[in-house]
Amino acid sequence: MKKISIIGSGTMGNGIAHVFAQNGFNVSLVDISEVALQKALATISKNLDRIIAKGNLTEEEKSETLENITTFTNTQKAVKDADLVVEAATENVDLKLKIFKDLNSYTKPNAILASNTSSISITKIASVTDRPDRVIGMHFMNPVPVMKLVEIIRGYSTSDAVTQEVMGIALQLGKVPTECNDYPGFVANRILMPMINEAIYSLYEGVAGVEEIDTIMKLGMAHPMGPLQLADFIGLDVCLSILNVLYEGFGNQKYAPCPLLVNMVQAGHKGIKSGQGFYSWIHGTKELVVSNRFRKK
Ligand code: NAD
């Protein structure tokens, strides 16, 4: 298996293209706009420079990696010879169903179709194809070149052989593939999102301020950062949409998104990507917002 197509060249797509290309795979990277593709190549180049600066890559290996990537705005052309397609387009169920319907008709019948979705059912995605046994979740973590985990999600009909093949490919990328079944939020987000939601409830109810909640969780639990800062990194809109998938999928009130999160997303405060979330990021670094300070009640 050498030919890989990646659909979507955003935050995750460019990282996924990077790790495949650096490990010798032939990558076709697809996006709807040429601008997005050029931005992705620039990001990959910058991230490879970081690895060179740490002494873990040579200039020659960087050139080889970039040469392994070809960009396309035409999906049909990009995927026609692919052995594996990894879809990393925008998290929208209708969009993903359309993409997989197209992939089903554009790819070789034995190609494996994987999705990097954070929360959409792999079984539902597989249902629009005529090869549900060859559809699987390959959930990389952000930033892809750095994070070791790939959550491998078996849809209801995903075969053992395809699961083993995809686990093997993830190992070739130097990752740690870990299997789970297809239920709302899989494992990573089913556990992470309620923690983030509870941190937001703690702020909403005035238990503590942003800084205190993050410090207590960071130092108390030995997490690399607090849950509110992590929510700013992930994107508050993304957190909200995953919580809604959990809430609707399980029909359980415990996953209901905190009203403060709903309000912040409606106000356009989406975290780092919008410059304002639980912290302000407008100056490029984390700054505390006065209204989020701790007040004794
Ligand atoms: P993003 O918005 O950064 O990138 C999405 C890209 O998909 C954009 O460049 C967009 O132009 C492109 N796109 C949209 N429709 C397309 C189409 N029909 N064909 C080709 N390209 C198309 O989003 P992202 O953060 O990279 O997320 C991508 C996927 O990865 C989502 O399913 C998301 O849930 C998942 N994910 C995200 C993270 C994260 O931390 N951002 C982590 C794990 C998984």
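Remember, it's 1-based here, ligands and their atoms both numbered in the order they're listed.
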* For ligand 1, which atoms sit closer than 4.0 Å to a heavy atom of His139? -> 43 (C), 44 (C)

* Which atoms from ligand 1 have a heavy atom of Ile7 less than 4.0 Å away? -> 19 (N), 20 (C)

* Closest protein heavy atom (residue, atom, distance) for atom 17 (C) of ligand 1 -> Ile32 CG2, 3.7 Å

* What do you reckon, does Thr11 have a nitrogen or oxygen under 3.5 Å from a nitrogen or oxygen of ligand 1? -> yes

* If we only count heavy atoms from C-beta on, is the Leu260 to Met264 side-chain gap below 4.5 Å? -> yes

* With no hydrogens and no angle check, do the side chains of Asp214 and Tyr279 hold a donor and an acceptor under 3.5 Å apart? -> yes

* Going by heavy atoms, is Phe233 under 4.0 Å from ligand 1? -> no

* Which residue from Ile16, Ile6, Asn189, Asn116 reaches closest to atom 30 (O) of ligand 1 through any of its heavy atoms? -> Asn116

* Selection from Ala89, Gly8, Gly137 by shortest heavy-atom distance to atom 29 (C) of ligand 1 -> Ala89

* To do: Considering only NZ, NE, NH1 and NH2 on the basic side and carboxylate oxygens on the acidic side, decide whether Asp102 and Lys98 come within less than 4.0 Å.
  => yes

* Asked: Judging by distance only, is a nitrogen or oxygen of Met12 under 3.5 angstrom from one on ligand 1?
  -> yes

* **Close side-chain approach of Gln22 to Leu57, heavy-atom, < 4.5 Å** => yes

* Would you indicate whether the side-chain heavy atoms of Pro184 and Arg190 approach each other to under 4.5 Å? => no

* Please indicate, with yes or no, if any protein heavy atom is found under 4.0 Å from atom 26 (O) of ligand 1? => yes

* Does ligand 1 have any atom that is closer than 4.0 Å to a heavy atom of Ile234? -> no

* Asked: Are the side chains of Met167 and Val150 in touch, meaning some heavy atoms are under 4.5 Å apart?
  -> no

* **Per-atom contacts of ligand 1 with Thr117, taking only distances under 4.0 Å to non-hydrogen atoms** => 32 (O)

* Ion pair Asp232/Lys273, N-O distance below 4.0 Å -> no

* Asp81 and Lys108: salt bridge (Lys or Arg N to Asp or Glu O under 4.0 Å), yes or no, with the steps? -> CA-CA 7 Å; Asp81 298 323; Lys108 299 184 293 190; over 6 Å; no

* Asked: Quick one: which ligand 1 atoms are inside 4.0 Å of a heavy atom on Ile99?
  -> 17 (C), 18 (N)

* Is the shortest heavy-atom distance from the side chain of Lys270 to the side chain of Gln276 under 4.5 Å? -> no

* Does any non-hydrogen side-chain atom of Ile234 lie less than 4.5 Å from one of Ile196? -> yes

* What about Asn142: any of its N or O atoms under 3.5 Å from an N or O on ligand 1? -> yes

* Structure fact -> Among Ala188, Gly10, Ser118, closest by heavy atom to atom 1 (P) of ligand 1 is Gly10

* Taking only heavy atoms of Phe140 into account, list the atoms of ligand 1 that are under 4.0 Å away from them. => 43 (C)

* Would you say Lys96 touches ligand 1, if touching means a heavy atom closer than 4.0 Å? -> yes

* Asked: Is the ring centre of Phe20 less than 6.0 Å from the ring centre of Phe25?
  -> yes

* **Close-contact set for ligand 1 against Thr90 heavy atoms, below 4.0 Å** => 5 (C), 7 (O), 10 (C), 14 (C)

* **Shortest protein heavy-atom distance from atom 15 (N) of ligand 1, along with the residue and atom involved** => Leu95 CD2, 3.6 Å

* Would you mind checking which non-hydrogen protein atom is closest to atom 9 (O) of ligand 1, with the distance to 0.1 Å? => Asp31 OD2, 2.7 Å

* **Glu91 versus Ser241, side-chain donor and acceptor atoms under 3.5 Å** => no

* Structure fact -> atom 32 (O) of ligand 1 sits nearest the protein heavy atom Glu91 OE1, 2.5 Å

